[in-house]
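Step one of this worksheet: look at the structure below.
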Amino acid sequence: MSTSAPVAQRPTPEPTKKPKRATSFNEGTGRLAAGLLSPTMLVLVLVVGLPILSALRESLYQSGQRIDESGFIIQGSEFVGLENYSAIFSGETGERFWNAFYNTTFFTVTCVLLETTLGVAMALVMHKAFKGRSIVRASILVPWAIPTVVSALLWKWIFQADGIANDLLGTQILWSTEGWQSVLSVIIADTWKTAPFIGLLVLAGLQTIPDEVYEAAKVDGAKVWSTFIHITMPLVKPALLVAVLFRILDTLRIFDLPFVLVGPNKESVETLSILAYLEANQTRYGPAAAYATLLFIYVAVVAYVFVKLLGADVFGDAIQRKPKKKNGNGGRGGRKQDASKTPVSPGVTAGGGGGGA
Amino acid sequence: MAVAVVGSLALLASACGGDDGSGGDSGSGGGTALEGRGPINFATGKDTSGNLTNQVNAWNSQHPDEKVTVTELPESADQQRAQMISNAQIKSDAFSVLNLDVVWTAEFAANRWITELPEDQFPDLNKLLPSTIDTAKYRDKLYAVPVTSDGGLLYYRKDLLDKAGVQPPKTWAEMQEACTKVKALPEAKTAGCYAGQFEKYEGLTVNFSEAVNGAGGVVVGDDGKPNVDTPEALEGLNFLVEGFKSGMIPRAAITYQEEPGRRAFQEGNLIFHRNWPYVYALAGKTDGSSKIAGKFGVAALPGKDGPGVSTLGGHNYAISEFAKNKATAADFIKFMSSEERQKANIEKTSQAPTWASLYDDPALNKQFPYLAPLKASIETAKSRPKVVKYGDVTTAIQEAAYGALTGTTPPKDALAGLQTKLSSLITQ
């Protein structure tokens, strides 16, 4: 309070002018910020905004679907309103859509759960100091470095009828046929490929946890498991949640693995992205854009809900702390103090956690 | 959130590729004169044979002012088609000559992406196999010139058949009989009897059509109307369905594309195998990659009561509607489809030619002993349906056949369903 008050008052002799002065200052910064950001914004509008709008527009049109008497496609596109959307939900296409919707959701939930569990385990292993750690780290990351299509091909060889999977298991499972086996093969391949991604992000999170916290816990006599639950998990949670969010968004768009590993037009593994691709491949761009738009909305809603529900817990930590301190300290001076305090705060939280155990 | 936006963008972007700039009708579908000379571009799938450069160099050395540059598209047919279509949709003149799969002709012609060719400018057409020319036509007008062809062949284990004292089969029943006899031999006990390509992809359409045609049925009749809900078609489909049920076709064959099937045959796990001519060279390799080198023979496909009917494969060269220098393009197509070039090509690549007399060339027959059965196969081969929405048609066929082969749909219902589906897709 005492530090911040003079800072705020020095340029503003009268308290009534304070907000005015602040706005003009903000305006200036705002303009500068806008100027500096405008190239980025322009690029974003060009590569993100316009394509989205163009796809939305495309989803309201149909073209090239009718043939004239001499056998030629009638050129030009026709405005059909929401027909492309209503077609998706009706009859056989509707069944196909909901099946793909279910598959997409199922893959997302199952794969992300598995990947998170394995990823955290990998991160803990990679974090431990032991001989040959760098080799373990590098080898765990290899699957993630391989392009998805290539890994899909690798798994296709593994899972083919006379492949190594059947040899090792001593089975004659036809993995690429309809049924649980194709679903399982996609889950295995996806988990193999992307668990390292979560591992990598969690590892980064682990490395920011100071050793003192663990020492304190040790002194307090905390067991390994309670140290993990009460210290590691809470402190690594922000990084973990970002990783999980990324994976959820990625898996909702899953395309290459089921498409290459199992093949198109297989009911068991057909996802929303595959439907959009197949429509576009038949040059039905309107319906394809409609599928893509629905997927876009689905992904956006899931991301929003995820950030709101889970994010509020974690990112909220940082967001909630700021206003509180601002209220307490008043003005910009608060931020300085805030910054100086940060190294202390994890210690405090973790110390509390360790003590409780 | 940003990730969601950027992530979905790729999809949305790919979906909006069809933004129609095509309000203006080119209106030049008819036999317009092919004019203009100069450098052109040849768009073709990845050249796995390695001989394309030689072919193009031969042209370039004779035509220094009309040089051909090759644009190699991806190896996957779907990707090739997608690139050619997007190129046509922006009316780009980047591709002059297109190397089209036989089943794309109708779609490209109906969309006016390729130019109609005046038949009188291609005097050598009557020297090509007639069945191949049929694939280059849409509504009786010529849009392309067939340069390579392809037909199915029956590969069989000559050593085992000889040992069992049986002749290569001409009918399905004979094949079954031969199989039983061969499997009585101790060394063939564990081998599967027969396999084609039954994975759910284009190969299944090919194999299903062959079964239906081989029993005297049709998928789409000569009048262009689907007629697949017939007793003949049912008999054809049942040959495959019963084959899977009885174990004559090994279970694993439902996952076979060309390559897994070829490997199974080369490993000695199959007695009879339906595949394309390319297998001949690979299965005959003596470097240890094939266990059956020198132990196999080739025959025409068997049918229900006599010789079978192959499905026609191959590639046709067409001129892009939006190309410049169409006169050069036409000359280049004539050059590539000429007897001399086709002969040079088969000698190097073993790709089946369309030039009829090459099949009777003694030297070539010595080099490629499968040419005689292949000629028979191609001459009687049937094209796949020539429809604009071919992608939907082949998907429907695969759906029906796969359902029947895996036992989820009774064959009769599968065909009835397919008939309904095809009728709604094909409105001629």
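Sequence lines set the chain letters: A, B, ... in the order given, protein chains first and strands last, and positions in each chain run from 1.
Proximity to chain A is absent for every atom of Tyr201(B), based on heavy atoms less than 4.5 angstrom apart. If you measure heavy-atom distances from Ala109(B) to chain A, the contacts under 4.5 Å come from the backbone alone. Using a 4.5 Å cut-off between heavy atoms, Ser70(A) touches chain B through its backbone atoms (N, CA, C, O) alone. Using a 4.5 Å cut-off between heavy atoms, Gln172(A) contacts chain B through both its backbone and its side chain.
The stretch residues 261-269 of chain A places Val262(A), Pro264(A), Asn265(A), Lys266(A) near chain B, each with some heavy atom under 4.5 Å from a heavy atom of that chain.
Here the OG-OH distance, from Ser176(A) to Tyr256(B), works out to 11.0 Å after rounding to the nearest 0.5 Å. Here Asn111(B) contributes atom CG and Ile74(A) contributes atom CD1; the two are 11.5 Å apart, rounded to the nearest 0.5 Å. Atom CG in Asn281(A) sits 8.5 Å away from atom OG1 in Thr395(B) (nearest 0.5 Å).
No side-chain heavy atom of Thr177(A) sits under 4.5 Å from any side-chain heavy atom of Arg251(B). Taking 4.5 Å as the limit, every side-chain heavy atom of Ile73(A) sits out of range of all side-chain heavy atoms of Glu107(B).
The two residues Ala110(B) and Gly71(A) make their nearest non-hydrogen contact at CB-O, 3.3 Å. Of all the heavy atoms in Ala252(B) and Leu174(A), the pair that sits closest is CA-CD2, 3.5 Å.
Within the structure, the salt bridge (charged side-chain N to carboxylate O under 4.0 Å, His left out) test picks out no pair touching residues 154-172 of chain A (sequence neighbours left out).
When each of Gln257(B), Arg263(B), Glu259(B) is checked for a side chain to side chain donor-acceptor pair (under 3.5 Å) with Gln160(A), only Arg263(B) meets the rule.
When the shell of 6.0 Å around CG of Leu53(A) is examined, it contains more than 12 heavy atoms from other residues, nucleotides or ligands.
Ranking Glu267(B), Gln398(B), Glu199(B) against chain A, the residue ahead of the rest is Glu199(B), based on heavy-atom pairs under 4.5 Å. Note: Thr283(A) leads Leu278(A), Asp68(A), Thr283(A), Ile67(A) in heavy-atom pairs under 4.5 Å with chain B.
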